[in-house]
Number of protein chains: 2
Amino acid sequence: MMEPYKIRMTRQRQVILEELARLHTHPTADEIYGRVRMRLPRVSLGTVYRNLELLSRSGMIGKIEIAGRQMHFDSERGAHRHIRCIRCGRIEDIPGEQVPPECDRDAIRATGYTLIERRVEFLGICPACRRAGRNEPDA
Amino acid sequence: MMEPYKIRMTRQRQVILEELARLHTHPTADEIYGRVRMRLPRVSLGTVYRNLELLSRSGMIGKIEIAGRQMHFDSERGAHRHIRCIRCGRIEDIPGEQVPPECDRDAIRATGYTLIERRVEFLGICPACRRAGRNEPDA
DNA sequence: ATATATGCAAAGACTTTGCTATCGA
DNA sequence: TCGATAGCAAAGTCTTTGCATATAT
C-alpha cells in the first residue's frame, strides 16, 4: 500500500513488537509505551509512535482506526472485525469471517470511487459495563 | 440514547443548522465554523463545537465518527453509509439500504456485548484523486 | 427572572516533528 | 561506514472547558 519498507530491527522495535504480541487486547500507543518503558526506561513516546506507524505501514502490525479519537494497534494481521464498548472504549475481536460485500459493490460503483477496503465496526456495551449498570456512552 | 434535550433555539444554533443543511457534504467542525462566521462574525469555535455536540446528541444532526482523526457532521438523519477517500479525506454518502446484519448477530452474541449499532465504512479513492494520479493515502 | 448559552482564551488529549547523537547492517 | 533511528522537547491539530456576560423562554 506504501513503499516496500526494509525495516532495520532496532531494540525498541523489537520490544514494541514483543509487547504488542503478548497483549491480547488492542492497546493504544500510550499503553504500549507504558509496557515498553518497563523494559527500556529511556524509550521516548515519539519513538513508539514512529515505530507503530512504520510497523503498521510495513504490514507487521495492524492499526485500528476506529471511530472517535485514539488509535489502537493490533498484532493480529488479516481481516477481522471489532466491537467497541461505547462506555469504556474497550475493543475486542469478533470471531468469524467477514461477509463479502457483494451486495455493496453496486452502490459503491455508483459513487465513482475505487473501492479499497470495507470496514465494519460494531458498537455495544461490554459485559463488565453492563453489570456496572453503566449504559451511557463515555468513551 | 441520552437525556431528552430540550433545546433552546439560539441564533447560533439556528445558523449552524441552516449552514449544515445547505451543505451537501459532510463538513468538519472547522468548516462549519467558517460558514457560520460569515453570518455571525463574532461566533466562537467553542460555541460551534458545543452546539454540534448538543445537536447530535439531541438527534437533530449526525456526527460521523469515521476512522482516523477529525469528526464530521451530517444534516441527514437516518441510517446510511459513507465512503471516504483515503487520499483527500472527502466523505460521501452511499445510496441504498443498509443490509441487515443477520449473519453478524451470532458472532456478536459470542462476545457477550449488547449490540447497539453496526457501522460500515468504505475506503476508496475518489474520482478527482484518481484522475490526479494520487493513489497514496494522505488523509 | 433565571437557567442556559455565548465569547474568549486557556487548557487538554493525542500525535507529529526538528534536531543531534547514536546505532544497526 | 553512513544512512536510518533514537531521545528529547517543542510544536501541531483537533476538541474541550472555565468564567463572566448576554440571552431565550
Side-chain angles (χ1 to χ4, degrees), chain A residues 2-17 19 26-58 60-61 63-73 84 88-89 91 137-139, chain B residues 2-17 19 26-58 60-61 63-73 84 88-89 91 137-139:
Chain A
M2 293 291 292
E3 309 132 51
Y5 288 95
K6 56 287 164 196
I7 295 240
R8 175 184 294 188
M9 191 48 67
T10 64
R11 180 80 183 123
Q12 290 83 345
R13 224 100 96 181
Q14 180 88 46
V15 173
I16 288 170
L17 282 174
E19 291 304 318
H26 301 86
T28 61
D30 203 62
E31 289 165 339
I32 296 168
Y33 174 55
R35 293 296 195 125
V36 171
R37 200 163 34 166
M38 291 200 252
R39 296 174 55 187
L40 304 174
R42 304 191 60 77
V43 75
S44 81
L45 184 56
T47 294
V48 171
Y49 270 106
R50 270 189 292 236
N51 281 325
L52 288 172
E53 177 64 23
L54 193 83
L55 292 168
S56 78
R57 282 181 183 242
S58 79
M60 299 180 71
I61 67 173
K63 181 202 264 184
I64 308 179
E65 295 184 319
I66 255 180
R69 229 197 262 338
Q70 232 171 325
M71 231 83 91
H72 292 252
F73 298 87
R84 174 169 63 97
C88 66
I91 295 173
D138 192 63
Chain B
M2 292 292 292
E3 306 132 52
Y5 287 95
K6 56 286 164 198
I7 293 242
R8 178 185 292 187
M9 191 48 67
T10 64
R11 181 80 183 121
Q12 291 83 343
R13 224 100 97 180
Q14 181 88 46
V15 172
I16 288 170
L17 281 173
E19 291 304 318
H26 301 86
T28 62
D30 202 62
E31 289 166 338
I32 296 168
Y33 175 53
R35 294 297 195 123
V36 171
R37 200 164 32 167
M38 291 199 253
R39 296 173 54 187
L40 304 174
R42 304 192 58 77
V43 76
S44 80
L45 184 55
T47 294
V48 171
Y49 270 106
R50 269 188 293 235
N51 281 325
L52 289 172
E53 176 63 24
L54 192 83
L55 292 168
S56 78
R57 281 181 183 243
S58 79
M60 298 180 72
I61 67 174
K63 181 202 266 184
I64 308 178
E65 295 185 319
I66 256 181
R69 232 196 256 341
Q70 232 170 324
M71 230 84 92
H72 291 253
F73 299 86
R84 174 169 63 98
C88 66
I91 294 173
D138 192 62

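To find a chain, count down the sequence lines: A is the first, B the second, and so on, and within it residues start at 1.
With values rounded to the nearest 0.5 angstrom, A/E31 atom CD is found 11.0 Å from A/F73 atom CZ. The NE2 atom of B/H26 lies 4.5 Å from the CD1 atom of B/I64; values are rounded to the nearest 0.5 Å. One finds the CG atom of A/L45 at 10.0 Å from the CZ atom of A/R50 (value rounded to the nearest 0.5 Å).
The interatomic distance linking A/L45 (CG) with C/dA13 (P) rounds to 14 Å, in whole Å. For the pair B/L40 CG and C/dC8 P, the computed distance is 12 Å after rounding to whole Å. Between B/L17 atom CG and C/dA5 atom C1' there is a gap of 15 Å when expressed in whole angstrom units. To the nearest angstrom, C1' of D/dC14 lies 11 Å from CZ of B/F73. The interatomic distance linking A/E31 (CD) with C/dA13 (P) rounds to 15 Å, in whole Å. Rounded to an integer number of Å, the gap from CG of B/D30 to P of D/dT16 is 13 Å. As rounded to whole Å, 13 Å separates atom C1' of D/dC14 from atom CG of B/L52. Residue B/I16 contributes atom CD1, which lies 7 Å from atom P of C/dT6 at whole-angstrom precision.
You'll find a donor-acceptor pair under 3.5 Å spanning the side chain of A/R50 and the base of C/dG18, going by distance alone.
When each of B/I61, B/I32, B/L54, B/T10 is tested with B/I16 by the rule side chain to side chain contact (heavy atoms under 4.5 Å, CB included), just one qualifies, namely B/I32. Tested against A/Q12 for a side chain to side chain contact (heavy atoms under 4.5 Å, CB included), the candidates A/V36, A/L17, A/T47 yield a single pass: A/T47.
B/N51 comes within 4.0 angstrom of sugar-phosphate atoms only, judged by non-hydrogen atoms across all strands, and of no base.
Taking only side-chain nitrogens and oxygens, A/Y49 never comes nearer than 4.0 Å to OP1 or OP2 of C/dT16. Dashed line: the shortest gap from a side-chain N or O of B/R13 to OP1 or OP2 of C/dT6 is under 4.0 Å.
Here A/E53 pairs with A/R57 in a salt bridge; the nearest charged N to carboxylate O distance falls below 4.0 Å.
Where B/Q12 and B/E53 each meet DNA chain D at their nearest nucleotide, the meeting point lying more 5' is that of B/E53.
Counting only heavy atoms from C-beta on, B/L54 has its side chain closest to C/dA5 among C/dA5, C/dT15, D/dC8.
Scanning both residues, A/V43 and A/Y33, for their nearest heavy atoms gives O-CE1, 3.6 Å.
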Using atom names, set out every protein N or O paired with an N or O of nucleotides 20-25 of chain C below 3.5 Å, distance rounded to 0.1 Å.
| unit_1 | atom_1 | unit_2 | atom_2 | d |
| --- | --- | --- | --- | --- |
| C/dA25 | OP1 | A/M9 | N | 3.2 |

